[in-house]
*Asks:* 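Structure incoming, see below.
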Number of protein chains: 2
Amino acid sequence: MANPMYRQIADDLREQIESGALVPGSQLPTELELRERYSASRNTVRDAIKWLANLGLIQTRPGQGTFITELKTPFVTTLSGDPLTGLGGGEGGTFKAEVSAARRLLTNSPVQVEIQNATREIAARLRIPENTEVVLRHERRFIDGTPYSMQTSYYPMDLVIRGAEDLQKAADIEQGTVTYLREVLGITQAGYRDWITVRAPNATEADFFNFSPDRVAIYEVFRTAFDGNQIPMRVTVTVYPTDRNQFIFNVGSVPPPHNAPAGDGDQDI
Amino acid sequence: MANPMYRQIADDLREQIESGALVPGSQLPTELELRERYSASRNTVRDAIKWLANLGLIQTRPGQGTFITELKTPFVTTLSGDPLTGLGGGEGGTFKAEVSAARRLLTNSPVQVEIQNATREIAARLRIPENTEVVLRHERRFIDGTPYSMQTSYYPMDLVIRGAEDLQKAADIEQGTVTYLREVLGITQAGYRDWITVRAPNATEADFFNFSPDRVAIYEVFRTAFDGNQIPMRVTVTVYPTDRNQFIFNVGSVPPPHNAPAGDGDQDI
DNA sequence: GCAAATTTGTTCGTATGTATT
DNA sequence: CAATACATACGAACAAATTTG
């Protein structure tokens with residue numbers, strides 16, 4: 001007698017979903033049908049549905065019905081890379097190669113550039129005083145038309161003053177900023193640290209990623225890149241919805257991957 | 001006029017929370033008070049509360065009230081490590097060092113050992129045929145008494161047959177399995193790949209991590225370790241609640257971290 | 001193209017149960 | 001034991017989105 005009725009209904013439905021009796025993409029019985037099947041009120045049935053929707057197992061569409069969630073083919077980003085060439089995963093050239101290797105189509109929003117005072121957080125990561133000016137380059141990415149990530153890079157204003165003026169131009173830096181900084185200022189990226197967290201999206205993010213009924217969490221990846229003197233030269237913050245993104249880190253000597261992640265079918269990358 | 005009333009109430013409360021007018025740990029007005037303040041029914045107020053609870057901003061406690069979520073001090077695991085010594089982050093010695101460096105207390109459940117047929121997923125990662133036998137070592141970890149992670153490692157049965165019999169004993173392997181396998185079989189771990197995903201917890205996990213009202217997502221980290229011939233020697237699956245865990249990954253030459261991640265105060269590690 | 005039917009979304013009222021103080 | 005506060009459940013009405021005839 002432990003569980004409330006709506007949980008029992010939810011558990012029953014969940015079992016049917018996970019056992020495969022109900023396949024992804026297919027429609028659940030309507031609320032009225034479930035109301036009869038379980039001899040409960042519509043509100044109680046709706047509580048059960050809400051529970052499962054929160055777990056991401058089902059999605060409701062007004063006017064249509066409730067459907068088993070179809071897992072989007074996850075995109076896998078390899079975050080480890082060669083720091084010396086500046087080819088970290090999820091960025092510039094490497095990133096594009098990774099997308100096209102998966103035979104998927106990448107589109108970019110135009111780069112948006114701003115100059116701001118560093119927040120406490122960014123200042124700490126760049127190891128500069130709070131409220132120092134930083135150049136901020138923001139970009140949004142789509143894979144196969146679906147919103148995939150929002151990325152903002154912060155550079156100390158110092159770099160611009162020393163000659164890297166393209167940083168504050170709202171245009172793509174063709175060769176990538178890592179290469180650009182090496183060419184112009186002789187600053188080499190010697191390594192980077194990625195810091196991964198998961199949190200709820202804010203309003204802007206929920207809107208961009210199109211979480212309509214929503215409740216999908218997002219990854220927030222802080223990448224701090226260091227030059228040869230171990231001084232931070234850049235902080236890049238990227239957010240990705242957790243429902244369509246996965247990450248890989250390689251350490252030491254590993255063979256190329258040849259198989260798919262948890263849950264979904266085959267995917268060659 | 002766009003948004004329903006419960007969203008407006010939620011947004012209003014959210015703003016008060018995020019602006020700092022309501023501090024973490026403090027109590028929200030009761031449902032009845034909110035009902036009067038917003039001239040709405042109790043059910044509508046509850047919908048607003050539910051919305052915020054799903055975002056993880058607040059928590060309700062029966063008989064007590066609704067409280068602003070206090071962020072648990074996140075534990076940061078460094079996943080990169082030295083693959084040659086077998087010192088990958090989140091495992092054995094390194095892991096314990098990391099915990100005590102943060103001045104926090106680690107406890108372990110006893111190791112639980114089973115022999116199973118490999119699932120499709122595990123078989124694929126170990127690159128062995130499906131339904132081949134694997135040895136499975138399972139362990140649960142607590143930091144400062146709070147459930148922190150559940151870890152299961154899968155080893156090909158082949159290793160046991162070749163002499164690594166301790167793998168199937170339900171006891172700690174003192175020197176760590178990486179060292180043990182090198183000592184007994186001369187198998188060296190040359191590298192590993194970490195594959196990170198986020199998903200909803202299953203019933204067992206929700207129970208262990210004590211998600212009572214729940215809805216916290218969990219990380220699932222698949223680590224495939226390879227020997228010198230790039231043959232998979234082990235797959236370790238670890239799940240962590242996203243609300244109290246973060247990961248770091250270092251590439252190339254980077255200085256030690258000296259500051260805290262997003263959101264919370266200072267933390268030295 | 002429009003109207004009707006279907007299906008989920010929002011809001012209210014009410015009653016009772018359960019946990020905590 | 002009583003008071004307080006959230007949790008569950010039912011019923012009802014109307015709104016909004018979508019599909020169907």
Side-chain angles (χ1 to χ4, degrees), chain A residues 1-14 17 22 25-70 206-207 210-215, chain B residues 1-14 17 22 25-70 206-207 210-215:
Chain A
M1 213 50 308
N3 279 347
M5 194 190 306
Y6 79 94
R7 289 280 276 114
Q8 296 178 32
I9 297 175
D11 289 345
D12 189 62
L13 290 172
R14 182 176 187 160
I17 294 168
L22 294 167
S26 67
Q27 184 171 6
L28 248 70
T30 67
E31 295 175 351
L32 292 189
E33 285 168 336
L34 291 173
R35 180 181 122 268
E36 301 207 335
R37 175 185 305 182
Y38 292 106
S39 306
S41 77
R42 186 179 159 220
N43 280 334
T44 300
V45 166
R46 279 179 61 78
D47 281 345
I49 287 175
K50 217 171 290 177
W51 180 268
L52 295 176
N54 281 339
L55 290 176
L57 290 170
I58 62 181
Q59 289 171 334
T60 58
R61 299 205 275 272
Q64 299 185 54
T66 305
F67 300 83
I68 317 283
T69 301
E70 291 196 81
D207 183 55
N210 200 17
F211 299 154
S212 352
D214 127 296
R215 214 156 3 270
Chain B
M1 206 52 274
N3 279 347
M5 194 188 308
Y6 77 94
R7 290 279 276 117
Q8 294 178 32
I9 297 174
D11 289 345
D12 189 61
L13 290 173
R14 181 174 187 163
I17 294 168
L22 295 167
S26 67
Q27 184 172 4
L28 249 69
T30 68
E31 295 175 349
L32 292 188
E33 285 167 336
L34 292 173
R35 178 181 123 271
E36 302 208 335
R37 174 185 306 183
Y38 292 105
S39 306
S41 77
R42 189 181 155 219
N43 280 335
T44 300
V45 166
R46 278 180 62 78
D47 281 345
I49 288 175
K50 216 172 290 176
W51 180 269
L52 295 175
N54 282 339
L55 290 176
L57 290 170
I58 62 180
Q59 289 171 335
T60 57
R61 299 204 276 272
Q64 297 185 52
T66 304
F67 301 83
I68 318 283
T69 301
E70 291 195 80
D207 183 55
N210 199 16
F211 300 153
S212 351
D214 128 295
R215 214 155 8 270

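Naming convention: chains lettered A, B, ... in sequence-line order (proteins, then strands); numbering from 1 in each chain.
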*Asks:* Taking the nucleotide of DNA chain D with the closest heavy atom to each, which residue, A/R7 or B/I49, is nearer the 5' end?
*Replies:* B/I49
*Asks:* Are there any protein N/O atoms within less than 3.5 Å of an N/O atom in nucleotides 18-21 of chain D, and if so, which ones and at what distance?
*Replies:*
none

*Asks:* To the nearest angstrom, how far is B/R46 atom CZ from C/dT14 atom C1'?
*Replies:* 14 Å
*Asks:* What residues form a salt bridge (Lys or Arg N to Asp or Glu O under 4.0 Å) with B/R37, not counting sequence neighbours?
*Replies:* none
*Asks:* Can you tell me how far C1' of D/dC6 sits from CG of B/D47, to the nearest Å?
*Replies:* 14 Å
*Asks:* Mind checking what makes salt bridge (Lys or Arg N to Asp or Glu O under 4.0 Å) contact with A/R14, not counting sequence neighbours?
*Replies:* A/E18
*Asks:* What donor-acceptor contacts under 3.5 angstrom involve side-chain atoms of residues 61-69 of chain A, with partners at least two apart or in another chain?
*Replies:*
residue	atom	partner	partner atom	Å
A/T69	OG1	A/G56	O	2.9
A/T69	OG1	A/L57	O	3.0
A/T69	OG1	A/I58	N	3.3

*Asks:* Whole angstroms only, please: what is the CG-P distance between B/N3 and D/dA16?
*Replies:* 13 Å
*Asks:* What pairs with B/D11 under salt bridge (Lys or Arg N to Asp or Glu O under 4.0 Å), at least two apart in sequence or on another chain?
*Replies:* B/R7
*Asks:* May I have the distance from B/I58 (atom CD1) to D/dC6 (atom C1'), rounded to whole angstrom?
*Replies:* 12 Å
*Asks:* Consider the side chain of B/R42, meaning its heavy atoms from C-beta on, and name the nucleotide among D/dA9, C/dC12, D/dC6 that approaches it most closely.
*Replies:* D/dC6
*Asks:* With sequence neighbours excluded, what pairs up with B/R42 under the salt bridge (Lys or Arg N to Asp or Glu O under 4.0 Å) test?
*Replies:* B/E31
*Asks:* Which heavy-atom pair separates B/A40 from B/I9 by the least distance, and what is that distance?
*Replies:* CB-CD1, 4.1 Å
*Asks:* Could you please name the option among D/dC6, C/dT11, D/dT8 that lies closest to any side-chain atom of B/Y6?
*Replies:* C/dT11
*Asks:* Going by number, which of residues 26-38 of chain B have a non-hydrogen atom under 4.0 Å from DNA chain C?
*Replies:* none
*Asks:* Identify which nucleotide among C/dT8, D/dT8, C/dC12 has an atom closest to any side-chain atom of B/S41, counting heavy atoms from C-beta outward.
*Replies:* C/dC12
*Asks:* Mind checking side chain to side chain donor-acceptor pair (under 3.5 Å) for B/Y38 and listing every partner two or more places apart, or none if nothing turns up?
*Replies:* B/D12
*Asks:* Residues two or more places apart in sequence or in another chain: which of them pass side chain to side chain donor-acceptor pair (under 3.5 Å) with A/S26?
*Replies:* none
*Asks:* Rounded to whole angstrom units, what separation is found between the CD atom of A/Q59 and the C1' atom of D/dA17?
*Replies:* 16 Å
*Asks:* I would like to know whether A/I49 and A/T60 meet side chain to side chain contact (heavy atoms under 4.5 Å, CB included); could you show each step before the answer?
*Replies:* CA-CA 8 Å; A/I49 287 175; A/T60 58; 3.7 Å; yes
*Asks:* Atom CZ of B/F67 to atom P of D/dT4: distance rounded to whole Å?
*Replies:* 16 Å
*Asks:* How do A/T66 and A/N43 order along DNA chain C: which one's closest nucleotide is nearer the 5' end?
*Replies:* A/T66
*Asks:* From D/dC10, C/dT8, D/dT8, pick the nucleotide closest to the side chain of A/T44?
*Replies:* D/dC10
